[in-house]
Each structure stands twice: as C-alpha cells, then as structure tokens.
Amino acid sequence: MHDNIIADRLLALRRLMREAHLHAFIIPSSDPHKSEYLPDHWKGREWLTGFDGSAGTAVVTMDKAALWTDSRYFIAAAEQIAGTEFVLMKERIAGTPSVAEWLGECLAGVPQARVGIDGMVSMAAEVDDLARQLAKYGDIEVVTDIDPLDELWTDRPPVPDAQVEVFPLEFAGEDASSKLERVRAELRRERADALLVSALDDIAWTLNLRGGDVHCNPVFVAYLLITQEEATLFVAPEKISPKVLDALQAIGVSTAPYEAVAVHLRGITKGTMLLDPQKVNHTLWKAVACEVVAGPSPIPVMKVVKNEVEIAGFHHAMERDGVAMVKWLKWLEGMMDRGEVDTLTELSVSGRLEAFRSEQQHFRGLSFDTISGYAAHGAVVHYEPTEQTDIHLQPKGLLLVDSGGQYLDGTTDITRTIALGPVTPEERRVYTLVLKGHIRLQMLKFPKGACGSQLDAVARAPLWEAGLNFLHGTGHGVGTYLNVHEGPHQIRMEWMPTPLHEGMTVTDEPGIYVEGKFGVRIENTLLITPYMTTEFGSFLQFEPLTLCPIDLRPADLGLLDPEEKAWLNSYHNLVFDRLSPLLDEEHQQWLRKVTTQI
C-alpha cells in the first residue's frame, strides 16, 4: 500500500513537471525559515518519499528518483523507502554523488534542461550554489517560482496558528528593547540600515516571545524586519493576543500579515539591508529592492551567550530534570530486579520518563521526541519508536535513551545508555571507549576563541585508537526554553569556525553504533566557564549542567585512566550533592548507591 501511494505521488509530480517543462524537481527538508524541525505544512519531502527523518533531499527526474540523507538516518531511510522508486544516497560517504553531480549525469544530453526547486523553502546561498554546480554540466536552468505540492498535496496541513505568548523577563534576563538596541548597534557597525530576521528561534529570542507552531520547539512562524527607527513583525494576526500586542507596541514593534513580507520588502528602495544568504530564502532575497549587505545576522551569536539569569535558569531546570531522571532510573532498575523488564517496551519506558518530567515545575513538554532504542534499535542514531516498530525489552544488553524537556527556565538534552542485564564483551568495550571520550572532552581546558572543530578530536581519540568513529556531531548548543539544537557553534569533525566563549551551552555526546547489534551514546549538556588567565591568554573549561548518574555496570573500569576515574567520582559527587536535597529518603539511598566512588 505504501509503495503504491509513493508511486502515485511520483506519477502526479511528473505530470506537473511535464506541464511546467521541468526535467527534474528538488524537494529539500526545509521551510521558509531554514528550520531544523518543520511544521507539518512544510514536510513535503516526507510526504513524497515516506521517509520521516528530519534531514534529507528528494530529487525526481522523469525516470529516476533519489533521496539524500546523512549518517543519522541511513538505516531508517533504507527501511522506509524500500520498495519505492527512490534510491538512497548516503551523504559524505565515498562514492556518493552530490545532487548536482547526479543531476548532471541524469540530464546529460538534454537541451536547455530545467530543474525546479521552490524558492520559498530554499535558501539564497543554496540556490546560487546549485546553479553554479549545475552550470558545470551544460545549459541547465534553475526554476524557483513553482511549488507543485500546493496542487498535489490535497490534504496538506495548514500553516500552524498557535497563539504567541510573552516570555517573562524573570526567565529571559534581558528585556526585548535592550536586545533590539544591541542588534541595531551591530547593524551600525555593519553599515546596514535594516535586518530581515528569518530564523524562528532568533525572532522568539529577540522579542522575548514564545509559541507553539513547531513540535517540541516553542517558536512561532513569522518574519521580523528591524530598522534603526522601528521594527515590524510579520505574523498571522489571529496568533497575537491583546497582551502580546501591548508588549510589542511597548518596544516599538508593529505587526503586519505573514504573507505581506515580500511586498513590504519590494517597497523598501533606499538604504541597505543585511541578509544572511544561509538563512533567508531565495524568493525573499530576490524581493529585496534596496542594496543588500550579505552576511550573518548578529542575533545567533548574541543568543548563544547566556546571561546570568539564563544560566541560573539552566541550573534549576537541570536539577528538576535530574530528579525526573533519577526517579525513572530507579523505577527501571526496580523492574529489572523484579524480573519484569520484559514486560516493558521502548515506548512504555519513554512514556514513563515523560510522566516523571511532567511532574516537575515549569515543565512545558519534551524538547524533542524521545529516542528510546533497545539492542539493534540503539544502532539507529535517531530511532524513535512507533507503534509499528516498538519492541519489548529483555533482561540483557543495552537500552539507549536520548531525551530532554522544555522548561520555562531552560531546555535539557541528555543521553544515557543503560545495561538491562548481562552485556557482551563487545558491548562492554564499546561502552567504555565511548565513556572515555565523553569524559576526556569534559576534562579539557582550552584557549578562549578556539572553535568546536579544534576540540572535537579529544572526544574521538579513544575511539579512533580502537578503529571506531561516529559520523554525527559531538556537541551542539542548547537554547533557553528554545530549540534544543542551537548554533552557530558546534563540536564536530567538519570545520565550524564559530569561536567558543564563556556563557555558551554545548553538549558532549560521542557514540558508537554497531548496525544490527547495539548503540552506545552518553550525553551531558555543559556550560563553558572561565578557567584561568595567564600571559598566554584566557583559558576556558566545561562545567556539567546535566545532573544524572552514569551507568557503570556496563563499563570496564580497568580501561579508565586514574584521571578519568577521578572525573567520574567528582561528577557523581556533584550529582548527589545537588539532587539529594530534592529527593525523598528512598531515592536518596538509591542515588547514593549508584554514585558510590570507584
């Protein structure tokens, strides 16, 4: 049934392509705002292919179809497109062609070939780069003024319309007028008169507003235009309550309909406007009538450096999240001790964890759908159990649970891999090597201004020595009751030049995934803090924000260095000292047991 539906959709798309004189069409995983997690309205790639991962690009010609995705989704994508016409293209794997290379081969010999892509969901830099790459293969035109999904996707979900709410100053730590003034000062330095803000989390942070338009991400669909004298929020009027309207007016922000942004941009013919070609879609980029200053928005770098109130909020949120994790881990161990673990499933254990989180003050929901993978499912990097894939646990092997909560005072992201009983020598070895990499990164001291790519090898070194590696990033920023993935700084192998500064949050999450067997990942969220200043400059260090014991039952403690053992003892002391006052005596005793010094 699934295969027939996908085949019918491909047939309908090709009919429209023929009518529009297109030889190929590209559907990226994006919305007009370059969001990582999309409102359902813009999940066109998922609708066309049946693959529901968060990253991927579908490309269709008149006789071929291909899907590109990254290593997180190789296994899941292969399973979900099996039986369809789509061929899986594994990004960053030797021998995999780029989209342009593949199209160049497919369209070889086609005179005046035309490739379609919706300019509203494709960023300006991406469209320009695609055009440059395709030009190597002949006379290929890129057409951006068509969205075939509008016609083909007959039950397409509407653009979301959840209410916008004011984010209180007691959690934000800085009022919106101050943030706007800081942005305007940066614009003056860039000699720009205006800035178009497209990223939804940047808009929410700047205006101290939050929303409910994106699953697990408290943002709302809008654009924000900031000039030196005023600002305009382009948003559906039904989303704005009188309270929010009053808050906007108090800081000099007017509102206009969401759909009016392009017309408004065409009407600005004087001055200069700062646009980020990586974050502003191609259609709006072309709509700007005044002079464009191409460059990154100043907002992301402001947003990722947390103020004192935000840092205090993270500490409080992590304590409550740690309480939920301890209650869940003790409950899970109790099921194991009673021989009842095989009555549990991946979904039931993640549901129980969400229930424990929901008991905590300021809880507003999950920060992402829980990844709960037992045994071979743990090797699927972004596996999310469904009613169709859910399996029962067994009293052996490893359970990988990557989860997080949204709290008014902070966002959490934690992964623990748990032994449900005896583990194999391979599982024990891999678990211990991942733990070593996790610890080594958190022990690191580094100069201020170093970037995450320069730190990445520290977490991978124990794994590389054993001939192991992982293809996802080692760390990402985390928002203040905002998106769980926050940049531009990252810790990863690929070059990410954003310098690291005190006040940034970042995760530490190395992992190894043995296909068909098991996966291991251990993750803490960290805060970058000062270490020391010498004649050689200022140095920084990591402070763990996450408060939760690390399971040592599957670890080979003999493989840990004395420094690594000392770090574990110090971390477990911290966990006990911070969480025990918030727990009843029974949970305190359990926490003391699992944080016993080694």
Heavy-atom closest contact (Val87 atom, Ile81 atom, distance): C-CD1, 4.2 Å

Which distance, rounded to the nearest 0.5 Å, do you find between the [atom1] of [X] and the [atom2] of [Y]?
| X | Y | atom1 | atom2 | result |
| --- | --- | --- | --- | --- |
| Thr546 | Glu523 | OG1 | CD | 7.0 Å |
| His377 | Asp390 | NE2 | CG | 9.0 Å |
| Ile522 | Asp551 | CD1 | CG | 9.0 Å |
| Ile418 | Arg553 | CD1 | CZ | 8.0 Å |
| Trp68 | Arg92 | CH2 | CZ | 15.0 Å |
| His362 | Leu408 | NE2 | CG | 6.0 Å |

Aromatic contact, Tyr431 with Phe518 (centres under 6.0 Å):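 No.
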
Given side chains that start at C-beta, do those of [X] and [Y] come closer than 4.5 Å, heavy atoms only?
| X | Y | answer |
| --- | --- | --- |
| Thr412 | Met318 | yes |
| Trp42 | Val159 | yes |
| Leu552 | Leu568 | yes |
| Val434 | Leu463 | yes |
| Trp47 | Ile27 | no |
| Tyr571 | Asn524 | yes |
| Thr480 | Trp205 | no |
| Arg416 | Cys548 | yes |

Just distance, no hydrogens or angles: give the donor-acceptor pairs under 3.5 Å from side chains in residues 392-401, sequence neighbours left out.
residue : atom : partner : partner atom : Å
His392  : ND1  : Asp342  : O            : 3.0
His392  : ND1  : Leu344  : O            : 3.4

Verdict with reasoning, Asp321 to Gln360, per side-chain hydrogen bond (donor to acceptor under 3.5 Å, both in side chains): CA-CA 8 Å; Asp321 204 64; Gln360 305 303 313; over 6 Å; no

Between [X] and [Y], does at least one N-O distance fall below 4.0 Å, as a salt bridge requires?
| X | Y | answer |
| --- | --- | --- |
| Arg578 | Glu319 | yes |
| Lys330 | Glu586 | yes |
| Arg521 | Asp402 | yes |
| Glu563 | Lys436 | no |
| Arg156 | Asp40 | no |
| Glu465 | Arg460 | no |
| Lys306 | Glu486 | yes |

Looking only at side-chain N and O atoms, does [Y] offer a donor or acceptor that is under 3.5 Å from a partner on [X]?
| X | Y | value |
| --- | --- | --- |
| Ser54 | Tyr73 | yes |
| Thr474 | Arg492 | no |
| Tyr37 | His215 | no |
| Asp409 | Tyr481 | no |
| Tyr383 | Thr389 | yes |
| Asp413 | His476 | yes |
| Glu509 | Thr507 | yes |

Check against side-chain contact (heavy atoms from CB on, under 4.5 Å), Trp328 and Leu353: CA-CA 6 Å; Trp328 177 75; Leu353 176 54; 3.6 Å; yes

Over-ring placement of [X] relative to [Y], 6.0 Å and 45° cut-offs:
| X | Y | result |
| --- | --- | --- |
| Lys327 | Phe356 | no |
| Arg320 | Phe363 | no |
| Arg210 | Phe220 | no |
| Lys445 | Tyr531 | yes |

side-chain hydrogen bond (donor to acceptor under 3.5 Å, both in side chains) evaluation trace for Arg357 with Ser403: CA-CA 10 Å; Arg357 279 197 168 103; Ser403 66; 3.0 Å; yes

Intermediate values then yes/no, ring pair (Phe, Tyr, Trp, His ring centres under 6.0 Å), Tyr407 and Phe314: CA-CA 9 Å; Tyr407 302 88; Phe314 266 105; over 10 Å; no

Full working for side-chain contact (heavy atoms from CB on, under 4.5 Å) between Val506 and Val478: CA-CA 6 Å; Val506 68; Val478 179; over 6 Å; no

Identified side chain to side chain donor-acceptor pair (under 3.5 Å) partner of Gln406 from the options Asn483, Thr411, Asn217: Thr411

His485/Phe368 under ring pair (Phe, Tyr, Trp, His ring centres under 6.0 Å): CA gap, chis, key distance, verdict: CA-CA 10 Å; His485 292 161; Phe368 56 97; 7.2 Å; no

Side-chain (Lys239) to main-chain (Ala162) donor-acceptor, under 3.5 angstrom: yes

Audit row: Leu329, Trp590, side-chain contact (heavy atoms from CB on, under 4.5 Å) steps and yes/no: CA-CA 10 Å; Leu329 288 168; Trp590 181 88; 3.5 Å; yes

Test log, rule ring pair (Phe, Tyr, Trp, His ring centres under 6.0 Å), inputs Tyr513 and His472: CA-CA 11 Å; Tyr513 313 93; His472 60 73; 5.5 Å; yes

